[in-house]
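Below you'll find the structure, written out as structure tokens, and then a few comments.
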2 protein chains.
Amino acid sequence: MKDVAALAGVSLKTVSRVVNREAGVSEELAARVTRAAEQLDYRPNLTASNLRRGDQRTGTIGLLVEDVANEFFSSIHRGVEEVARQRGVAVIAASLDRDPALERDLVGAFASRRVDGLILAPTASDQGYLTNEIRSGWPIVCIDRQTTGVDTDSVVTDNRAASAAGVAHLLAHGHRRIGFIGGRSKLATEQDRHAGYIDAMASAAAVVRPHWVHHGAQDSDEAMVAALAMLAWADSPTAIFSGQNLITMGTVRALRELGLAHRVALVGFDDFALADLLEPAITVVAQDARAIGHLAAELLFRRMADPSRPTATHVVPSRLIPRGSGEIRPE
Amino acid sequence: MKDVAALAGVSLKTVSRVVNREAGVSEELAARVTRAAEQLDYRPNLTASNLRRGDQRTGTIGLLVEDVANEFFSSIHRGVEEVARQRGVAVIAASLDRDPALERDLVGAFASRRVDGLILAPTASDQGYLTNEIRSGWPIVCIDRQTTGVDTDSVVTDNRAASAAGVAHLLAHGHRRIGFIGGRSKLATEQDRHAGYIDAMASAAAVVRPHWVHHGAQDSDEAMVAALAMLAWADSPTAIFSGQNLITMGTVRALRELGLAHRVALVGFDDFALADLLEPAITVVAQDARAIGHLAAELLFRRMADPSRPTATHVVPSRLIPRGSGEIRPE
DNA sequence: GAAATTAGCGACAACGTTGTCAGGGCGATC
DNA sequence: GATCGCCCTGACAACGTTGTCGCTAATTTC
């Protein structure tokens, strides 16, 4: 900028005015400055600008999710990005890998970077460490799971009801022996989905045997192993409800391996690409990930504009998409 | 920081020293400062720090890809993130949606943010606009496609050879009438994959009819329409080679719809989740997206450390994974 | 015991930008 | 012809840090 000012023969401030399109610069001067800037290939330094500017905005928001490569979260990312782009705001994303310590570290790192706001899919069991940040007015929106211990805006699915609906669908097709395969049981989403399963089973007066329930499947492979084990019992389930997209995929693998894909029913939480092309096609309880991203970002910007507005929890609808695997009847 | 200094009764510089763990502060003082910082919930301002620091590093790198929600690119993102995290560097990602104007805009935006380096999957047909940035020493690594018009490090697949191998696989299984469905023909990747198709056909002296070749499928749906049209001809192809993951999915849909999934062979470029669970399972020419992300990030950091090193193009291997759809023989 | 070294700390300037305010020029008004 | 007001423009300080250097007091060295 100094160089531009020198080349155009004007003061720093005038260059600043031209760059920011402020009123009050004669056309002639503005043209001269613009020419000089182009000639020197000048790029304004946004970080310095943000430092000096009153509002302290960095034009950056943070997004912390379980894994940016997971279809569900990458779709959320996309949704967030779309809203942010309209406002010229950049998105920094990172993966937490269900590691609570990492969550705290990355939140700290984002705070140091002064991101203007944070969209967080919490993985730690308690977000008490956020208390100070929130009190200081740092805008935070939680997605997928709610925070515990602090009060933030959040965008969630009614996991319990959605899960109960999925299980009820299986019950309605005549199943009584229904298994549940879930992820890390410390996560609230996980617990809610399990609770929904229990709810549905209870309201149908269906018995739940311990070996029909598996918690803690971390990925597709672990889910497959769990499903294989579950299906090895003499009184094995005639239907399975799986708590998450990767788990559903693992379960499909297990059913295939055992040649049971057309005999054991399956309903999965979360939709995924190609679910409709599998044989049988997979019935799922679907969340609209991109819409979640949109909404979360909108809420974040609304809170940034007005930090004092009361926090709210938005429950986005989920819907059951029957495709075949969930409509298999018990033999 | 001022407040911390005041509370601890020391100078700003001392606080700075403690925060950065510089030597030369007595234990007692350091403890006092640390306590004060905690009490005030102080977070260092990284942007100010970077501004002042000599090296002008923001601890941020940019990643520009076609779509962060596309499995191929989100896996790359993940790979980049893993390398960046080790160094305490954050990743800003954005989607270009194959829009050249957007590419220029976002590159400019990232330049203004002073990201320390850029990983770019080019979508514009010419990156001449980058000349100045590169000359000024801005580290850039290109992935997926090479830049044209400027000289950068790049990480690419040998699209032409890989594509030829895929088509040769079909030829080896007795096919002569092989179709090609590709994406936007302006993209270099696209052209190379098409060229590979032509190469393989030519070296087998197989005829290529114009209506067996479709360019410009932008998404899964368009690919499906193209495949349906292609398969409607009297001399329709007995096998199809598809140029990208979304296109493969659309083609699968078309084959299903026509009841040809087990009669028309299919080999796709790019692997995707569940490809092995489809019926038939889909034979693909697979790139290791995460490895591409790793390598690109490593190269970027190497260039950041030594801007003068000569640029190089790294060709990552791709491999053909036979799964069933590519081994169907013509009737 | 004096000189030299070292450890510990602070004052000040600077990074690249913008907000504030003051000043110069010029036409309009009385 | 003096005064007022307006339009441009520039000087300066400030944003939150850290690099440089200088100062004091304690420790070591001869």
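Chain A is the first sequence line, chain B the second, and so forth, proteins listed ahead of strands; every chain is numbered from 1.
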Notebook entry, point to check: With sequence neighbours excluded, what pairs up with Arg135(B) under the side chain to side chain donor-acceptor pair (under 3.5 Å) test?
Noted result: Asn132(B)
Item checked: Candidate nucleotides dT17(D), dG19(C), dT18(D), ranked by approach to the side chain of Arg53(A) - the nearest -> dG19(C)
Notebook entry, point to check: Asn20(B) side chain N/O closer than 4.0 Å to the phosphate oxygens (OP1, OP2) of dT18(D)?
Noted result: yes
Checklist line | With Ala90(B) via side-chain contact (heavy atoms from CB on, under 4.5 Å) - residues at least two apart | finding: Ile92(A), Arg113(A)
Item checked: Base of dT17(C) paired with side chain of Arg52(A) (donor-acceptor, under 3.5 Å) -> no
Checklist line | Verdict with reasoning, Thr47(A) to Thr47(B), per side-chain hydrogen bond (donor to acceptor under 3.5 Å, both in side chains) | finding: CA-CA 6 Å; Thr47(A) 63; Thr47(B) 63; over 6 Å; no
Next item on the list: Decide yes or no on side-chain hydrogen bond (donor to acceptor under 3.5 Å, both in side chains) for Asp116(B) and Thr58(B), but give the supporting numbers first.
Entry: CA-CA 6 Å; Asp116(B) 298 334; Thr58(B) 56; 3.2 Å; yes
Note to self: Can you see if the side chain of Asn45(A) gets near the phosphate of dC15(C) - specifically, an N or O under 4.0 Å from OP1 or OP2?
What the structure shows: no
Check: With respect to the side chain of Tyr42(B), which nucleotide from dT18(C), dC9(C), dT17(D) is positioned closest?
Finding: dT17(D)
Notebook entry, point to check: What pairs meet the salt bridge (Lys or Arg N to Asp or Glu O under 4.0 Å) rule with one or both residues in residues 81-91 of chain B, with sequence neighbours excluded?
Noted result: Asp97(A)-Arg85(B), Arg78(B)-Glu82(B), Glu81(B)-Arg85(B), Glu82(B)-Arg290(B), Arg87(B)-Glu298(B)
Margin query: Applying side chain to side chain donor-acceptor pair (under 3.5 Å), can you list everything that pairs with Thr313(B), at least two apart in sequence or on another chain?
Written below: Gln146(B), Ser154(B)
Notebook entry, point to check: Could you give the CE-to-C1' distance, from Met1(A) to dG19(C), as a whole number of Å?
Noted result: 12 Å
Next item on the list: Identify, with sequence neighbours excluded, every residue that meets side chain to side chain donor-acceptor pair (under 3.5 Å) alongside Arg303(B).
Entry: Asp153(B)
Next item on the list: Check whether any side-chain N or O of Thr14(A) sits under 4.0 Å from OP1 or OP2 of dT9(D), and answer yes or no.
Entry: no
Notebook entry, point to check: Quick one, which residues of residues 104-112 of chain A touch DNA chain D with a heavy atom under 4.0 Å?
Noted result: none
Checklist line | Residues touching DNA chain D, which here means a heavy atom under 4.0 Å, drawn from residues 25-38 of chain B | finding: none
Margin query: Using five pairs at each end of the helix from dG1(C)-dC30(D) to dC30(C)-dG1(D) to define an axis, what is the angle between those two axes, to 10°?
Written below: 50°
Checklist line | Pair Arg145(B) + Glu190(B), salt bridge at N-O below 4.0 Å | finding: no
Notebook entry, point to check: Considering residues at least two apart in sequence or located in another chain, which fulfil the side chain to side chain donor-acceptor pair (under 3.5 Å) criterion with Gln287(A)?
Noted result: Thr157(A), Asp270(A)
Next item on the list: Consider the side chain of Leu51(B), meaning its heavy atoms from C-beta on, and name the nucleotide among dA13(D), dG16(D), dT18(D) that approaches it most closely.
Entry: dG16(D)
Note to self: Quick check: on DNA chain D, is the nucleotide nearest Arg43(B) upstream (toward 5') of the one nearest Arg17(B), or the reverse? Name the residue that is more 5'.
What the structure shows: Arg43(B)
Next item on the list: Determine, stepwise, if the pair Glu103(B) / Gln127(B) fulfils side-chain hydrogen bond (donor to acceptor under 3.5 Å, both in side chains).
Entry: CA-CA 9 Å; Glu103(B) 177 178 330; Gln127(B) 275 70 42; 3.0 Å; yes
Next item on the list: Just grab all the ring-ring contact (aromatic ring centres under 6.0 Å, His included) pairs involving residues 77-136 of chain A, residues at least two apart or on different chains.
Entry: His77(A)-His77(B)
Notebook entry, point to check: Between Thr311(A) and Asp151(A), do the side chains contain an N or O donor and an N or O acceptor separated by less than 3.5 Å?
Noted result: yes
Next item on the list: Using whole Å, report how far NZ of Lys13(A) lies from P of dT20(C).
Entry: 9 Å
Next item on the list: Give a yes or no on whether the backbone of Pro100(A) and the side-chain of Thr123(A) come within a donor-acceptor separation of less than 3.5 Å.
Entry: no
Check: Choosing from dG10(C), dT17(D), dT17(C), which nucleotide comes nearest the side chain of Ser11(B)?
Finding: dG10(C)
Next item on the list: Find the distance Leu12(B):CG to dG10(C):C1' and express it as a whole number of Å.
Entry: 10 Å
Margin query: Applying a 4.0 Å non-hydrogen cut-off, can you work out what Val10(A) is touching in the nucleic acid: base, sugar-phosphate, or nothing?
Written below: sugar-phosphate
Please tabulate the protein-to-nucleotide N/O contacts below 3.5 Å involving nucleotides 25-27 of chain D, giving atom names and distances.
none

Checklist line | Proximity to the side chain of Ser49(B) - top-ranked nucleotide from dG16(C), dT17(D), dA11(D) | finding: dT17(D)
Notebook entry, point to check: Starting at the 5' end of DNA chain C and moving along, which residue's nearest nucleotide shows up first, Lys2(A) or Glu22(A)?
Noted result: Lys2(A)
Margin query: Within this structure, what is the OG-CG distance for the pair Ser74(A) and Asp67(B), rounded to the nearest 0.5 Å?
Written below: 8.0 Å
Next item on the list: Sequence neighbours left out, what passes salt bridge (charged side-chain N to carboxylate O under 4.0 Å, His left out) with Arg98(B)? Give chain and number order.
Entry: Glu66(B)
